[in-house]
Every structure is written in C-alpha cells, then in structure tokens.
Amino acid sequence: MGHWLVAEPLQTPGGLEVRDVLSDLPSAAHLTWIFQVIPLFVVAGFAAGTPSWHRHRDGGGTAGSWVARRVWRLLWPTLPVVVFWTVLTQVADHVLGVDDSLLAATRGIGLVLWFLAIYVLLMALLPALDALAERFGTLRVMLAFALPALAVDVVAARLGYVSSTEPSWVWVNYLLWWAPVGLAGRWWPRTHEPGARRAGAGVCVAALGLLVLVTSAGWYPVAMVGVTGQARSNSLPPTLGLALLAAVQTGALYALAEPARRRLASPRWYLPVAVAGSRAMTIYLWHLL
C-alpha cells in the first residue's frame with residue numbers, strides 16, 4: 001500500500017511520468033512510519049531463521065548448506081519476476097516499439113529487489129552473528145554494530161553527505177544498522193514471558209520519543225524512505241532514524257505478541273494470516289507490476 005500511494009503515474013505532454021508523491025507532499029512523510037515495514041521483515045527473518053539454523057547445526061549441518069537453502073527459498077520466487085520483466089521490456093522496446101517514456105516509467109518496479117539484496121546478505125551472516133550473540137550476548141553485539149554505525153551517521157552528516165551518491169563508505173551502514181535490527185529477532189521466544197509485554201511497550205514508547213526528537217530537530221529526515229530531491233535519506237543507506245523506527249515497530253510487535261497469539265488460536269483469524277504470510281514474498285515481488 002505504501003508503494004502504491006507514493007508513486008503517482010501521470011500522462012504529460014512528454015509522455016508517462018511516475019512522480020514521487022512525498023516530494024510534492026512533504027506533510028505525508030509521517031505516513032512512512034507506518035508503511036516502512038522492512039524492519040519487521042528483518043526481525044521476523046531472524047526470529048524464524050535463528051531456530052532454523054540451530055536445528056540444522058545440531059543435526060550436523062554446516063552454515064554453508066543452511067545459507068544455500070535459505071537463499072534459494074528467496075531466489076526461486078524472484079527469478080520468474082526478473083525473467084518476465086526482462087523479456088517483456090525487451091520485446092516491448094525492440095519488437096512492439098513501445099514509447100520510451102513508458103519503459104522509463106516502469107524502471108521503479110525493479111527497486112523492490114533492493115530489499116532482497118540486503119536480506120540475503122543478512123541471512124548469509126546469520127550463523128556468524130548468532131555465534132557472536134551466543135558468546136558475548138545479543139545486546140552487546142547489537143551495540144557493537146550500532147555505535148560505529150552512529151559514528152558513520154555523524155561524520156557523513158558533517159561532511160555534507162548526499163544520499164546514495166557520495167561518499168561510498170557510508171554504505172557500510174547497510175550492515176552496521178541492519179545487523180542489530182535483525183539480532184532483535186533473537187528475543188522473539190521471550191515474548192512468552194510475563195514481563196515481555198511491558199518491556200516491549202517501554203522500548204516502543206522510548207524509541208518513539210527519540211525518533212520524534214531527532215526528526216523534529218532536523219538531524220534526520222522525517223520520511224523513512226528515499227524522497228526525490230531530498231539530500232539525505234533514512235534508507236539509502238539506513239540511519240539512526242530508521243533504526244529508531246525499527247525499535248518502535250519491534251517493541252510494539254513484542255508487546256502485542258501474546259494477545260495476537262491468543263487471537264490467532266482461532267482458525268477464523270489464523271487462516272488468512274497463514275495464507276497471506278506464505279505468499280508474502282510473491283505478493284511483494286509482483287505488487288508494483
């Protein structure tokens with residue numbers, strides 16, 4: 001829904017254009033705090049991936065074989081989209097003579113794949129991150145990634161960093177910020193504990209307060225996605241702003257986990273969630289088309 005709302009296709013005298021709604025309507029930037037749900041995908045990936053890796057490891061399997069199986073599960077629904085879109089655009093261009101402006105307008109459809117690149121990287125590193133967390137503690141490892149990530153944020157801002165162009169070294173924050181977000185998924189089993197709801201709510205409220213502070217002060221943009229014409233982005237690469245949103249969403253998720261489980265015990269509620277969840281990647285890959 002976020003992607004559908006943010007892209008505005010317009011027929012102009014020069015051909016079809018797809019405009020970024022947020023660049024013309026900056027007051028809508030706060031809606032990205034709801035629609036930017038990639039942090040929850042990452043948390044869920046680690047929440048499901050960590051016990052899967054443990055079972056594989058305890059059964060004598062290697063990290064390489066587990067990663068290969070996990071990556072293939074991501075790639076097999078992706079390949080048909082890439083093949084279909086490559087063939088379609090080539091036929092449209094070279095055989096059907098479709099207007100170049102229409103082909104240019106469809107370029108944004110490929111942007112959905114950026115998430116897969118980051119997600120595959122994190123899944124490949126999950127066994128190593130899990131080993132670090134088991135040895136030093138999850139919170140310490142999260143801080144070990146977050147502190148240098150924050151330093152990169154600060155230095156890049158002081159140097160007048162322009163989103164996704166230069167300097168290239170800031171892209172290390174794709175790992176430094178997303179790794180601790182994923183590691184938060186290791187705490188999912190603890191949502192069964194009595195104090196989990198209180199702890200999750202506390203994290204959610206505290207992170208939301210900090211997020212309002214850093215965006216109101218102008219230290220980070222309000223929008224949690226890249227915006228056309230905006231010099232800095234919270235997602236290209238991720239920043240403290242996006243990490244705080246991840247904490248807000250994860251805290252809320254953990255606070256609501258137990259009530260959600262009780263509700264999902266009913267087949268009436270569980271069935272649509274199970275069907276949509278099992279098709280989430282396919283829906284994600286095709287929805288822009």
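Counting from 1, the numbers follow the sequence of the chain as shown. Values reported hereafter were calculated over all heavy atoms of this structure, with side chains retained and with hydrogens, waters and symmetry mates removed.
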Nearest-0.5 Å distance that lies between atom CG in Leu5 and atom CG in Leu22: 9.5 Å

What's the separation between atom OG1 in Thr191 and atom CG in Leu256, rounded to the nearest 0.5 Å? 11.0 Å

Please give me the minimum heavy-atom distance between Val152 and Val170, naming the atom from each residue. CG1-CA, 4.0 Å

I need the full list of side-chain hydrogen bond (donor to acceptor under 3.5 Å, both in side chains) pairs touching residues 56-70, with sequence neighbours left out, sorted by first then second residue. Ser52-Trp66, Ser52-Arg70, His56-Ser65, Arg57-Glu134, Thr62-Ser65

Are Trp4 and Val227 joined in one hydrophobic group, where the rule is that I, L, V, M, F, W and Y side chains link up if heavy atoms are under 4.5 Å apart? no

Side-chain heavy atoms under 4.5 angstrom apart, residues restricted to Ile, Leu, Val, Met, Phe, Trp, Tyr: same cluster for Leu113 and Val225? no

Does any non-hydrogen side-chain atom of Arg55 lie less than 4.5 Å from one of Pro51? yes

Pairwise distance CG(Leu122) to CG(Leu126) - rounded to 0.5 angstrom: 8.5 Å

Write down the atom of Gly185, the atom of Pro189, and the distance for their closest heavy-atom approach. O-CD, 4.4 Å

State which residues pass salt bridge (Lys or Arg N to Asp or Glu O under 4.0 Å) with Arg261; sequence neighbours excluded, sorted by chain then number. Glu258

Contacts table for residues 208-217: side-chain donor-acceptor under 3.5 angstrom, sequence neighbours left out:
from: Thr215; atom 1: OG1; to: Leu211; atom 2: O; distance (Å): 2.7
from: Thr215; atom 1: OG1; to: Val212; atom 2: O; distance (Å): 3.2
from: Ser216; atom 1: OG; to: Val212; atom 2: O; distance (Å): 2.6

Residue pairs involving residues 172-189 (criterion side-chain hydrogen bond (donor to acceptor under 3.5 Å, both in side chains); sequence neighbours excluded): Asp130-Arg186, Thr138-Arg186, Asp153-Asn173

According to a hydrophobic-cluster definition based on side-chain heavy atoms being under 4.5 Å apart (Ile, Leu, Val, Met, Phe, Trp, Tyr only), do Leu75 and Met123 belong together? yes

Heavy-atom closest contact (Ala255 atom, Ala201 atom, distance): CB-N, 3.7 Å

For the residue pair Pro267 and Pro272, what are the closest heavy atoms and their distance? O-CD, 4.4 Å

Any side-chain hydrogen bond (donor to acceptor under 3.5 Å, both in side chains) involving residues 40-49? Give me the pairs, sequence neighbours left out, ordered by first then second residue. none

Apply side-chain contact (heavy atoms from CB on, under 4.5 Å) to Ser266 and list each qualifying residue two or more places apart in sequence or on a separate chain. Arg268, Trp269

Using the rule that two of Ile, Leu, Val, Met, Phe, Trp, Tyr join whenever any of their side-chain heavy atoms come within less than 4.5 Å, decide whether Leu242 and Leu147 are in one cluster. no

Once rounded to the nearest 0.5 Å, what's the spacing between atom OH of Tyr220 and atom CG of Asn234? 8.0 Å

With hydrophobic residues grouped by side-chain heavy-atom distances under 4.5 Å, do Leu236 and Val6 end up in a single group? no

With sequence neighbours excluded, give me every ring-ring contact (aromatic ring centres under 6.0 Å, His included) pair touching residues 129-156. none

Those residues that, when tested against His54, pass ring pair (Phe, Tyr, Trp, His ring centres under 6.0 Å) (two or more places apart): none

Please walk me through it: do Asp93 and Val98 pass side-chain contact (heavy atoms from CB on, under 4.5 Å)? CA-CA 5 Å; Asp93 187 21; Val98 170; over 6 Å; no

Report all side-chain donor-acceptor pairs from residues 281-289 shorter than 3.5 Å, counting only partners two or more places apart or in another chain.
from: Tyr284; atom 1: OH; to: Val112; atom 2: O; distance (Å): 2.9
from: His287; atom 1: ND1; to: Tyr284; atom 2: O; distance (Å): 2.6
from: His287; atom 1: NE2; to: His3; atom 2: ND1; distance (Å): 2.9

Can you pull the side-chain hydrogen bond (donor to acceptor under 3.5 Å, both in side chains) pairs that have at least one residue in residues 74-89, sequence neighbours excluded? none

What donor-acceptor contacts under 3.5 angstrom involve side-chain atoms of residues 27-48, with partners at least two apart or in another chain?
from: Thr32; atom 1: OG1; to: Ala29; atom 2: O; distance (Å): 2.6
from: Thr32; atom 1: OG1; to: Met224; atom 2: N; distance (Å): 2.9
from: Trp33; atom 1: NE1; to: Val222; atom 2: O; distance (Å): 2.8
from: Gln36; atom 1: OE1; to: Ile38; atom 2: N; distance (Å): 3.3
from: Gln36; atom 1: NE2; to: Met224; atom 2: O; distance (Å): 3.0

Residues in salt bridge (Lys or Arg N to Asp or Glu O under 4.0 Å) with Glu8, at least two apart? none

Here the pair of heavy atoms bringing Cys204 nearest to Ala252 is CB-N, 3.8 Å

Leu175 and Leu125: side-chain contact (heavy atoms from CB on, under 4.5 Å), yes or no, with the steps? CA-CA 10 Å; Leu175 173 60; Leu125 293 175; 3.5 Å; yes

Got a second to check how far Gln249's CD is from Leu244's CG, nearest 0.5 Å? 11.5 Å

Any side-chain heavy atom of Val155 within less than 4.5 Å of one from Trp169? yes

